[in-house]
Amino acid sequence: MIDVKLIRDDADGVKQRLATRNVDTGPIDEVLKLDENWRAKKHDAEQRQAALNKANKAFGTWMGGRKKNPEMPAPIELVELLGETPPDPETAQVKLRELGETKDKIEGEAAAILNQIEAHLLHLPNLPGAKTPVGRTEADNVVVKEWGKPTEFDFEPKAHWDLVGDKGLELEIGGRISGSGFPFLRGKLAKLERAMINFFLDLHTAEHGYTECWTPFMVRGETLRNSSQLPKFYDDLYRADERDDLYLIPTAEVPLTSVHAGEIIADEDAPIRYCAYTPCFRREAGAAGKDTRGILRVHQFSKVELMVVTTPERSDEEHETLTRCAETVLEKLNIPYRRLELCTGDMGFGAARCYDLEAWAPGVGKWLEVSSCSNFTDFQARRAKIRVRDKDKNTRLAHTLNGSGLACPRTMIAIIENNQRADGSIAIPGALQPFYGAAEL
RNA sequence: GGAGGGGUGGCAGAGUGGUUGAUUGCGUCGGUUUCGAAAACCGAUUUGCCCGCAAGGGUAACGGGGGUUCGAAUCCCCCCCCCUCCGCCA
């Protein structure tokens with residue numbers, strides 16, 4: 001969520017910045033109006049509550065006093081609020097109840113307005129960072145780095161689906177069991193998948209300082225709200241069923257972001273870095289019919305995720321570090337890749353800045369997104385109530401970041417297609433051999 | 001799934017309708033003392049929101065949500081989580 005105070009203080013600025021994300025800024029004006037309304041109601045209700053609190057205390061004292069002295073007169077605080085001297089406690093009670101009901105009504109109106117404000121805010125994306133390139137579509141993303149040269153072949157490189165048909169890519173079986181988009185791996189490819197996961201995890205824990213986590217794969221709606229998949233992206237999620245209000249996670253980002261929900265973290269304990277392997281489940285509702293061949297786009301895939309909680313001062317630096325950790329995986333696998341900085345119009349909902357890492361896949365002849373490294377600034381932290389506290393006890397919202405390190409299917413495609421030989425055999429990259437246990441697939 | 005116990009401030013642990021945002025202990029921070037430290041003593045020590053330039057004032061929160069009441073941490077209802085035992089099952 002973006003900060004309602006920002007809208008209060010600089011609605012035009014917020015509108016300008018959000019407009020670069022191709023967002024309808026109408027709700028901003030609406031929020032501005034509602035907020036003004038809310039504050040008036042809220043203030044009114046609190047004034048009434050303050051008066052009632054005083055009177056109720058006085059009433060209690062009066063009741064206590066009358067036990068000893070039945071002639072005790074009504075206390076001044078009570079008389080002040082009621083505007084008259086009550087003849088007896090019963091009369092005072094009736095008046096207090098009426099005043100309380102009026103207060104409740106105003107309070108209820110304020111709460112209803114606050115709900116409307118929140119409903120708007122939950123559907124507004126994060127403000128883009130000051131350095132985020134402005135642009136409308138993915139064509140406006142900026143290639144900020146290229147690593148390695150696209151692999152050259154003295155033969156026509158094949159696509160992965162033509163290379164590993166006899167090595168365990170069993171799409172028909174997956175289809176039979178679950179449907180299209182649920183790949184089934186058997187034998188060598190199944191082992192390759194496991195080798196990749198172990199390689200990723202070992203690298204990030206042993207060399208990059210991340211703490212390995214094992215998380216639930218099903219989560220509550222509230223957890224998805226914290227990391228901003230809900231309410232806006234309900235259609236992209238798999239939900240258990242009406243008996244259990246649980247959803248299958250689309251990424252380990254979801255459980256990891258909520259690890260410290262509601263907590264205040266000491267500055268010196270930040271950054272906190274977590275990594276986790278999980279399967280990821282995505283309906284890919286908006287992408288039906290796109291990239292359907294092979295394992296380019298699937299409903300279930302493995303991913304090792306990197307997640308960081310840090311201070312606002314440090315998040316830019318952590319963003320670079322995190323992205324480097326993901327890049328290191330590709331470099332160790334010797335996969336040519338490029339880093340894109342996404343423009344305002346193409347960034348994910350919660351991101352203020354985002355780098356995509358794209359691996360070169362010579363068989364399909366495309367750059368494949370294998371990682372997306374985002375700085376969410378305080379967007380998720382505001383929803384999840386994650387804060388940090390400095391030495392002087394100033395608390396402020398934490399910043400959260402995450403990125404894939406990496407996603408398996410597309411990385412597997414890159415491995416297969418970049419390491420193919422003319423005879424159709426596939427070499428295993430050196431870094432992966434200890435995990436796979438052989439030099440060839 | 002069944003039965004029972006419990007969720008209070010950084011932690012421990014009181015509190016069963018009326019100045020209780022909450023006794024107390026520990027921890028932490030500041031001060032006194034000391035050459036320094038320990039000990040002792042004194043003081044401070046939750047977070048959100050609203051009004052205010054500020055000083056300050058107001059309000060809310062005792063797992064979450066509803067209810068009863070003039071007034072709820074305290075009473076009632078629903079839900080969540082943790083613990084123990086039984087059943088079932090990897």
Heavy atoms only, 4.0 Å cut-off, all strands: where does A:Q93 land among base, sugar-phosphate and nothing? base

Would you say A:N53 and A:Q49 are linked by a side-chain donor-acceptor pair, where the criterion is simply a distance under 3.5 Å? yes

Shoot me the first and last contacting nucleotide of RNA chain B against chain A, ordered 5' to 3', at under 4.0 angstrom to non-hydrogen atoms. B:rG18 to B:rC81

Closest nucleotide of RNA chain B for A:D104 versus for A:R387: which of these residues is on the 5' side? A:R387

If we call it a pair only when both distances are under 3.5 Å in a Watson-Crick or G-U wobble match, what pairs with B:rA72? none

Categorize A:K5 for me: base, sugar-phosphate, or nothing, with a 4.0 angstrom heavy-atom threshold over every strand shown. sugar-phosphate

Whichever of A:R220 and A:A50 has its nearest RNA chain B nucleotide further upstream toward 5': A:A50

What is the pairing partner of B:rG56, taking Watson-Crick or G-U wobble pairs with both distances under 3.5 Å in any strand? B:rC51

Paired to B:rU19 by Watson-Crick or G-U wobble criteria (both distances under 3.5 Å) is none

Which label fits A:Y277 and A:W214: parallel for a plane angle under 30°, tilted from 30 to 60°, or perpendicular past 60°? tilted

Answer for the Watson-Crick or wobble partner of B:rA3, both distances under 3.5 Å, is B:rU84

Heavy atoms under 4.0 Å, any strand shown: does A:R48 hit a base, just sugar-phosphate, or nothing? nothing

